[in-house]
Colleague: 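Below are the structure tokens for one structure; questions will follow.
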Amino acid sequence: MFTLTYLNIVTIILDVSAIILVLGILRQTRFMRQSGRESDRLFRSMLIFTCVMAVGDIVGYLTMDQEDAILIGLQNISMTVFYIALTMLVMLWFDYCSFRFRDREQVVKIGVRPAFIPGVLVLGIVFINNSTGLFFRIDEMGHYHREILFLPIYVVYAVYLIAGFVYIGKYRTAEKKVLIPLWLYIAPIVVSGIVTFAVGEISMAALGTALTIVFTHLGTMNEIAEISMKESAL
């Protein structure tokens, strides 16, 4: 029998909201993907991984603090899925910002990219975590515990996120582009991080991530539309 606190229920509502938001954006932006732009493909991939992350979070909170061995195993699987999706998401975010804002939509050389080595290492740690317990563990009472590599891994996540925002900032400064204010890009992910770590029993990760991705991409599309309008008026 599932026993949920009101904070668990709040998290599930937030995750379901993130899924609804993402599915709506995927539907409304399907015409953009027909352009064949790499940035649109990356945007779609980020949204899909946000959905996967939200589903993993929901199952993780539904099975939290349950002593049943099957539910403990399910919580382990769901949290592993959550962190795999989160790792892929921050790597895609970095790739999107690098491609969109640094390389100006130009195709760069494909091959081993040193910038992704930390992310690949994190993926490896997450995959083997069930047998090592270096990142997180679920005890016999169904309680979730952060372990020794939890902070270093989140530092890797933060570096990818910050690097993306740096690319956005440099692009805006150099190109003098008119975009949605940068703080609107940053605020959702910052607020979700503060609430998640400060409260502990609430996770806003999926919703905060979804809002940041959507603001970023739709902001750049707004810029493209505005430039096109100005050019057509000349």
Colleague: Using a 4.5 Å cut-off on heavy atoms from C-beta on, say whether the side chain of Leu89 contacts that of Ile213.
Modeller: yes

Colleague: So do the side chains of Phe150 and Leu134 get within less than 4.5 Å of each other, counting heavy atoms only?
Modeller: no

Colleague: Any heavy-atom pair between the side chains of Met53 and Phe82 that's under 4.5 Å?
Modeller: yes

Colleague: If you take all heavy atoms of Gln66 and Ile72, which pair is closest and at what distance?
Modeller: O-CG1, 3.3 Å

Colleague: Locate the shortest heavy-atom distance separating Ala206 from Thr50; write the atom from each residue and the value.
Modeller: O-CG2, 3.6 Å

Colleague: For Ile58 and Ile19: C-alpha separation, side-chain torsions, deciding distance, then whether side chain to side chain contact (heavy atoms under 4.5 Å, CB included) applies.
Modeller: CA-CA 11 Å; Ile58 289 171; Ile19 292 172; 4.0 Å; yes

Colleague: Would you kindly confirm whether Val155 and Phe136 end up in one hydrophobic cluster when ILVMFWY residues are joined by side chain heavy atoms under 4.5 Å apart?
Modeller: no

Colleague: Below 6.0 angstrom between ring centroids: does that apply to Tyr167 and Trp93?
Modeller: no

Colleague: Once you round to the nearest 0.5 Å, how far does CG of Asn130 lie from CD1 of Ile138?
Modeller: 9.5 Å

Colleague: Check for me, please, whether Tyr154 and Phe127 land in the same ILVMFWY cluster - side-chain distances under 4.5 Å, paths through other members count.
Modeller: yes

Colleague: Would Leu86 and Phe49 count as a side chain to side chain contact (heavy atoms under 4.5 Å, CB included) here? Give the steps.
Modeller: CA-CA 7 Å; Leu86 178 56; Phe49 275 109; over 6 Å; no

Colleague: For residues Gln75 and Met64, report the shortest heavy-atom separation together with the two atoms involved.
Modeller: NE2-CA, 3.7 Å

Colleague: With a 4.5 Å limit on heavy-atom distance, are the side chains of Arg44 and Leu26 in contact?
Modeller: yes

Colleague: Between Gly60 and Met79, which heavy-atom pair has the shortest distance, and what is it?
Modeller: CA-SD, 4.0 Å

Colleague: Any side-chain heavy atom of Ile186 within less than 4.5 Å of one from Thr212?
Modeller: no

Colleague: CE of Met91 to CG of Asp95: how many Å apart, nearest 0.5 Å?
Modeller: 8.5 Å

Colleague: Could you list the residues that satisfy side chain to side chain contact (heavy atoms under 4.5 Å, CB included) with Ile125, not counting sequence neighbours?
Modeller: Phe135, Leu149, Ile153

Colleague: Who passes side chain to side chain contact (heavy atoms under 4.5 Å, CB included) against Ile77, sequence neighbours left out?
Modeller: Val81

Colleague: Is the Tyr144 ring parallel, tilted or perpendicular to the Tyr83 ring (thresholds 30°, 60°)?
Modeller: parallel

Colleague: Any non-hydrogen side-chain atom of Thr11 less than 4.5 Å from a side-chain atom of Asp57?
Modeller: yes

Colleague: Check the pair Ser203, Leu14 against side chain to side chain contact (heavy atoms under 4.5 Å, CB included), reporting the backbone distance first and the verdict last.
Modeller: CA-CA 8 Å; Ser203 173; Leu14 291 173; over 6 Å; no

Colleague: Grab the two heavy atoms, one from Ala210 and one from Leu21, that are nearest each other, plus how far apart they are.
Modeller: CB-CD2, 4.0 Å

Colleague: Working to the nearest 0.5 Å, report the span between CG of Leu92 and OG of Ser98.
Modeller: 12.5 Å

Colleague: To the nearest 0.5 Å, what is the distance between NE2 on His145 and CG on Asp139?
Modeller: 3.5 Å

Colleague: Mind checking the CE-CG spacing from Met88 to Leu123? Nearest 0.5 Å is all I need.
Modeller: 6.5 Å

Colleague: Only counting residues at least two apart or in another chain, list the ones meeting side-chain hydrogen bond (donor to acceptor under 3.5 Å, both in side chains) with Tyr160.
Modeller: none

Colleague: Quick check: are there more than 12 heavy atoms from other residues, nucleotides or ligands sitting under 6.0 Å from CZ of Phe116?
Modeller: yes

Colleague: Same cluster for Phe101 and Val166 if Ile/Leu/Val/Met/Phe/Trp/Tyr side chains link at under 4.5 Å?
Modeller: no

Colleague: Same cluster for Ile162 and Tyr96 if Ile/Leu/Val/Met/Phe/Trp/Tyr side chains link at under 4.5 Å?
Modeller: no

Colleague: Indicate, with yes or no, if Val126 and Val156 share a hydrophobic cluster defined by side-chain heavy-atom contacts under 4.5 Å among Ile, Leu, Val, Met, Phe, Trp and Tyr.
Modeller: yes

Colleague: Under 4.5 Å between any side-chain heavy atoms of Thr87 and Val120, yes or no?
Modeller: no

Colleague: Calculate, to the nearest 0.5 Å, the distance between atoms SG and CZ belonging to Cys97 and Phe165 respectively.
Modeller: 7.0 Å

Colleague: Are the side chains of Asp15 and Leu207 in touch, meaning some heavy atoms are under 4.5 Å apart?
Modeller: no

